[in-house]
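Heavy atoms only: backbone and side chains are in, while hydrogens, waters and symmetry mates are out. The chains referred to below are lettered A, B, ... by the order of the sequence lines, with proteins before strands, and numbering in each begins at 1.
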Number of protein chains: 2
Amino acid sequence: MASNLLAKNKLTILYGLCLAVLLFLLKWLELKFVIINNAYEVYMGAIAVFFTALGIWLALKLTKPKTVVIEKQVYVNNSAEFIINNIEVEKLGLSKRELEVLQLMAEGLSNQEISERLFVSLNTIKTHSAKVFEKMEVKRRTQAVEMGKRLSIIP
Amino acid sequence: MASNLLAKNKLTILYGLCLAVLLFLLKWLELKFVIINNAYEVYMGAIAVFFTALGIWLALKLTKPKTVVIEKQVYVNNSAEFIINNIEVEKLGLSKRELEVLQLMAEGLSNQEISERLFVSLNTIKTHSAKVFEKMEVKRRTQAVEMGKRLSIIP
DNA sequence: TTCAAAATCACCCGAAAGTATGAGTTCGAT
DNA sequence: ATCGAACTCATACTTTCGGGTGATTTTGAA
């Protein structure tokens with residue numbers, strides 16, 4: 001436990017020691033070189049600059065880098081976001097109603113259910129679906145749905 | 001242009017001025033209170049601590065925040081790479097053959113075509129598909145395909 | 001206004017899909 | 001060995017789908 005505390009504050013202790021050593025050094029220098037009185041300001045300035053630098057260095061060393069996290073969303077081709085391929089729709093020559101029927105077909109609805117959903121007769125839906133199959137050059141609704149999904153006509 | 005440069009280095013200039021003022025203050029203090037010689041070290045230490053603190057403060061103020069760009073990927077259900085969701089298959093209790101039939105159904109094949117593809121009779125496929133519908137709790141092949149795609153059972 | 005495309009609906013018919021039921025075979029696990 | 005699940009196939013029947021044809025109404029553009 002005690003060693004753990006010591007280890008955690010290792011850096012702080014180290015810097016404290018460094019400071020002490022430096023202060024000692026300063027005093028030693030002062031004793032060694034007799035400071036010229038009129039250069040006193042210069043001496044002080046030097047100390048100030050030195051310790052400022054030390055402080056800066058300390059701060060840079062000790063502080064965690066300030067990080068600004070920018071979350072960048074990488075390209076999402078998520079199927080939740082469906083963009084209809086109108087070019088293909090036009091290429092096939094599908095009308096609004098036909099596309100609507102195709103979409104409901106893709107949802108697994110029967111012709112009867114589609115007719116109820118769109119408030120038209122079953123026969124009308126049959127006509128529409130027949131036109132869809134003709135235009136898409138498929139034989140069955142399942143194929144139409146398959147094709148529609150591949151061409152991004154339906155989600 | 002010149003003003004721009006001035007504005008940019010405003011902080012630096014400010015800190016420089018502060019330093020100068022502080023140095024002046026120090027000298028003034030020194031003149032005012034005659035420093036006791038044997039307390040010289042204490043005085044020096046105070047200066048050291050003060051300027052270290054100044055340095056730290058300076059560093060904290062001046063350091064630019066480091067920007068870290070984290071690319072956050074959002075799940076892409078890209079159809080290019082299809083991974084079958086075996087969990088859902090097991091949950092539904094679909095057998096190998098049933099899944100096979102479902103996959104071919106999703107390709108838009110008729111029961112007849114599926115039976116030819118799998119070298120079995122049409123009736124067999126009907127039985128399989130009926131079981132698939134039962135297990136998936138749907139009424140039609142189109143719904144089964146829809147559901148299968150949503151559950152990632154089929155591509 | 002006129003004209004074409006779109007949308008609506010109807011009827012018939014055959015094909016396909018789906019339901020229900022029963023039954024034989026195969027194959028792995030107990 | 002036997003038991004069950006999976007797979008196979010069949011028959012009979014109903015519903016839905018899809019093709020073909022024709023007709024009427026609506027609508028948007030020339």
Side-chain angles (χ1 to χ4, degrees), chain A residues 84-151 153-154, chain B residues 84-151 153-154:
Chain A
I84 187 162
N85 190 345
N86 286 308
I87 300 142
E88 284 297 337
V89 176
E90 280 177 41
K91 206 180 283 177
L92 292 171
L94 290 179
S95 75
K96 248 180 297 176
R97 207 55 161 170
E98 283 157 6
L99 185 60
E100 219 171 345
V101 170
L102 178 58
Q103 283 166 348
L104 292 175
M105 254 165 42
E107 286 178 26
L109 301 189
S110 68
N111 285 343
Q112 184 64 53
E113 287 167 337
I114 295 171
S115 74
E116 281 161 15
R117 186 78 75 88
L118 299 180
F119 306 105
V120 293
S121 83
L122 173 61
N123 287 312
T124 305
I125 300 305
K126 283 189 176 186
T127 310
H128 284 318
S129 61
K131 282 221 146 200
V132 169
F133 301 152
E134 190 188 323
K135 287 177 179 177
M136 295 182 95
E137 294 173 0
V138 296
K139 293 205 192 317
R140 280 175 284 283
R141 68 217 278 90
T142 47
Q143 286 181 347
V145 170
E146 240 290 296
M147 176 130 248
K149 295 213 176 194
R150 265 224 307 283
L151 298 179
I153 287 170
I154 44 179
Chain B
I84 186 162
N85 189 344
N86 287 307
I87 300 141
E88 283 297 338
V89 176
E90 281 177 40
K91 206 180 282 178
L92 292 171
L94 290 180
S95 74
K96 248 180 297 173
R97 206 55 159 172
E98 284 157 6
L99 184 60
E100 220 171 343
V101 170
L102 177 59
Q103 283 166 348
L104 293 175
M105 254 164 44
E107 287 179 26
L109 301 189
S110 67
N111 286 344
Q112 185 64 54
E113 286 166 337
I114 295 171
S115 74
E116 282 161 15
R117 187 78 75 87
L118 299 180
F119 304 107
V120 293
S121 84
L122 172 60
N123 287 311
T124 304
I125 299 305
K126 283 190 176 185
T127 309
H128 283 317
S129 60
K131 283 222 144 200
V132 168
F133 300 154
E134 190 188 323
K135 286 177 179 176
M136 294 182 97
E137 294 172 0
V138 296
K139 292 204 193 318
R140 281 174 284 284
R141 65 216 280 96
T142 45
Q143 285 183 347
V145 169
E146 239 292 295
M147 177 129 250
K149 295 212 177 196
R150 265 225 306 284
L151 298 178
I153 286 171
I154 43 178

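Between B:K96 and B:E100 no salt bridge is recorded (no basic side-chain N to carboxylate O distance below 4.0 Å).
For the pair A:I125 CD1 and C:dA10 C1', the computed distance is 14 Å after rounding to whole Å. Here D:dA5 presents its P atom at 16 Å from CD of B:E90, a figure rounded to the nearest Å. The distance between atom NZ of B:K126 and atom P of C:dA15, rounded to the nearest whole Å, is 13 Å. At whole-Å resolution of the value, NZ in A:K131 and P in C:dA4 are 15 Å apart. Separating the NE2 atom of A:H128 from the C1' atom of D:dG19 is a distance of 17 Å, rounded to the nearest angstrom. Between the CG atom of A:L118 and the C1' atom of C:dC9 there is a distance of 14 Å, given to the nearest Å. Atoms CG (A:L122) and C1' (C:dA10) sit 11 Å apart, rounded to a whole Å.
Counting non-hydrogen atoms of neighbouring residues, nucleotides and ligands closer than 6.0 angstrom, the NZ atom of B:K131 reaches no more than 12 such neighbours.
Side-chain atoms of B:I125 and B:L104, non-hydrogen and from C-beta on, never get closer than 4.5 Å to each other. Inter-residue side-chain proximity for B:L151 and B:N85 is flagged as unmet; no heavy-atom pair is nearer than 4.5 Å. Side-chain contact check for A:L94 versus A:L102: some heavy-atom pair is nearer than 4.5 Å. Put simply, the side chain of B:E146 reaches to within 4.5 Å of the side chain of B:R150, judged on heavy atoms. At least one side-chain heavy atom of B:R97 sits under 4.5 Å from a side-chain heavy atom of B:L118.
From B:E137, atom CD reaches atom CD of B:Q143 across 11.5 Å, with rounding to the nearest 0.5 Å. Taken from CD in A:Q103 to CD1 in A:I114, the straight-line distance is 10.5 Å, to the nearest 0.5 Å. Between atom NZ of residue B:K91 and atom CG of residue B:N86 there is a gap of 12.5 Å, rounded to the nearest 0.5 Å.
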- Contact state string [nucleotides 24-30 of chain D, B base, S sugar-phosphate only, - no protein heavy atom under 4.0 Å]: -------
- Message: Treating primed atoms plus P, OP1 and OP2 as sugar-phosphate and everything else as base, which nucleotides of nucleotides 22-30 of chain C get B, S or - for protein heavy atoms under 4.0 Å?
- Response: ---------
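Screening B:R141, B:K126, B:H128 for a side chain to side chain donor-acceptor pair (under 3.5 Å) with B:N111, the sole residue that qualifies is B:R141.
Here A:T124 reaches the OP1 or OP2 of C:dC9: one of its side-chain N or O atoms lies under 4.0 Å away. Between A:N123 and C:dC9 there is no side-chain N or O to OP1 or OP2 distance below 4.0 Å.
At a non-hydrogen distance threshold of 4.0 Å, A:S95, A:K96, A:R97 from residues 93-114 of chain A come into contact with DNA chain C. Non-hydrogen atoms lying under 4.0 Å from DNA chain C are contributed by A:R140, all within residues 136-151 of chain A.
Residues satisfying the side chain to side chain contact (heavy atoms under 4.5 Å, CB included) criterion with A:Q112, sequence neighbours excluded, are A:S110, A:S115, A:E116, A:L122. For A:E113, the salt bridge (Lys or Arg N to Asp or Glu O under 4.0 Å) partners two or more places apart in sequence, or in a different chain, are B:R140.
Within the 3.5 Å criterion, the main-chain N or O of B:G93 finds a donor-acceptor partner in the side chain of B:K135.
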